[in-house]
Amino acid sequence: MGKRMLPMLCIAVALGCGVSKDEFAAQRRDAQQNLMKYQHETEISDALAKKLVHVEQQNTALQQQLGEATATSAKLEEEKGALEARSAQYQQLASALQSQISSGQVEISELRGKMTVKLKDRILFSSASASLNKEGKAALDAVAEAFKDLKGKNVVVAGYTDDVPIGSRSGFMDNWALSTARAVNVVRYLQTKGVSPEVLGAAGFAEYRPLVPNDSAPNRSQNRRIEIALMAADYTPPVVDVPK
């Protein structure tokens, strides 16, 4: 409304001042040109304002993408560092236990971030005994050296037996007691060699977690073992509801 009134106002002012027809026409043209110029400049200003808003939106989106990319990069670096640390521990342990690995007494595996050292029972204990022998202590010394400076990890030692019932002369009630005692003694030995007790744990599974069927002497030998697993510190064991 204001823009349309501008030429009329100019005409009124011109007539009131007693200008000639030509002068009036010239002033009218000037007023129209000024109005068109004003409208054009307004359109340009509006377009620039919209473009500025669009640029600011793009800048915000780019800043968000940059933040996400930075976070992703930091996470990848963290994962890379953790992977390199696990690899270093694996290489250190594999090198220290090379002779035992070559003889088939020890196996090392790494799967989904969990490193496991598997030791056959005969390298650690005499038959039906939970007392560590000299050869077993030598193997555990290498394990302790690799694990003693651990942070943010847990070391869980698990004992397993075959399904042959244990004799009464052994001093153990059954394979539950034997497998648990063996695991606890390994944990205690690792602690004496510098592994923090805060990262250590022990469990006994008796004959109920066999690797292979207990149908031959070689198979039963495989099932009699100690497994030392390195896992994340936030690992939570499953909870089983026991009916009352």
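What you see is a predicted model, and the numbers here were worked out from it, not measured in a lab.
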Identify each donor-acceptor pair in which a side-chain atom of residues 119-131 lies under 3.5 Å from a protein atom, sequence neighbours left out, and give them as a table.
residue: Asp121; atom: OD2; partner: Arg224; partner atom: NE; Å: 3.2
residue: Arg122; atom: NH1; partner: Ser221; partner atom: OG; Å: 3.3
residue: Ser129; atom: OG; partner: Ser131; partner atom: N; Å: 3.1

Contacts under 3.5 angstrom, residues 59-72 side chains, donor-acceptor by atom type, not counting sequence neighbours:
residue: Thr60; atom: OG1; partner: Glu56; partner atom: O; Å: 3.0
residue: Thr70; atom: OG1; partner: Leu66; partner atom: O; Å: 2.8
residue: Thr72; atom: OG1; partner: Glu68; partner atom: O; Å: 2.9

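Here the shortest heavy-atom pairing between Val187 and Leu200 reads O-CD1, 3.6 Å. In terms of heavy-atom proximity, Lys137 sits nearest to Leu132 at CE-O, 3.8 Å. Residue Ala142 comes nearest to Leu97 through the heavy atom pair CB-CD2, 3.6 Å, listed as atom of the first residue, atom of the second, then distance. Closest approach of Thr116 to Ala229, counting heavy atoms only: OG1-CB, 4.1 Å. Closest approach of Gly159 to Ala183, counting heavy atoms only: N-CB, 3.8 Å.
Other residues sharing a hydrophobic cluster with Val53 under the 4.5 Å side-chain heavy-atom criterion for ILVMFWY residues do not exist; the residue is a singleton. The hydrophobic cluster around Ile166 extends to Phe172, Leu178, counting ILVMFWY residues whose side-chain heavy atoms fall within less than 4.5 Å of a member. In the hydrophobic clustering, Ile44 connects to Leu48, either directly or through intervening members, whenever side-chain heavy atoms lie under 4.5 Å apart.
Remark: Asn219 engages Asp215 in a side chain to side chain donor-acceptor pair (under 3.5 Å) (not counting sequence neighbours). Scored by the side chain to side chain donor-acceptor pair (under 3.5 Å) test, Asp174 finds no partners at all (sequence neighbours excluded). Every residue two or more places apart in sequence or in another chain that forms a side chain to side chain donor-acceptor pair (under 3.5 Å) with Gln58 is listed here: His54. For Glu135, there are no salt bridge (charged side-chain N to carboxylate O under 4.0 Å, His left out) partners two or more places apart in sequence or in a different chain. Every residue meeting the salt bridge (charged side-chain N to carboxylate O under 4.0 Å, His left out) condition with Lys148, not counting sequence neighbours, appears here in chain and number order: Glu145. By the salt bridge (charged side-chain N to carboxylate O under 4.0 Å, His left out) test, Glu227 pairs with Arg225, sequence neighbours left out.
Expressed to the nearest 0.5 Å, how far CD of Gln27 lies from CZ of Arg29 amounts to 10.5 Å. Residue Gln105 holds its CD atom at 8.0 Å from OG of Ser99, rounded to the nearest 0.5 Å. Atom CG of residue Leu211 and atom CD of residue Gln222 lie 6.5 Å apart, to the nearest 0.5 angstrom.
Residue pairs satisfying the ring-ring contact (aromatic ring centres under 6.0 Å, His included) criterion with at least one member in residues 130-166, sequence neighbours excluded, are listed as follows: Tyr160-Phe205.
Counting heavy atoms from C-beta on, the side chains of Ile108 and Met115 come closer than 4.5 Å. Using a 4.5 Å heavy-atom threshold, the side chains of Met36 and His40 count as separate. Looking at Leu140 and Lys193, their side chains never come closer than 4.5 Å, going by heavy atoms from C-beta outward.
For Thr180 (side chain) and Ala177 (main-chain N/O), no donor-acceptor pair under 3.5 Å exists by modelled atom type.
Asn214 pairs with exactly one of Asp162, Asn223, Thr161 by the side chain to side chain donor-acceptor pair (under 3.5 Å) rule, that one being Asn223.
Note on Leu190 and Val184: separate hydrophobic clusters, where clusters join Ile, Leu, Val, Met, Phe, Trp and Tyr whose side-chain heavy atoms are under 4.5 Å apart, directly or indirectly.
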For side-chain contact (heavy atoms from CB on, under 4.5 Å), just list the numbers for Asp163 and Arg220, CA-CA rounded to whole Å, side-chain angles, deciding distance to a tenth of an Å, and then say yes or no.
CA-CA 8 Å; Asp163 63 349; Arg220 285 192 291 272; 4.0 Å; yes

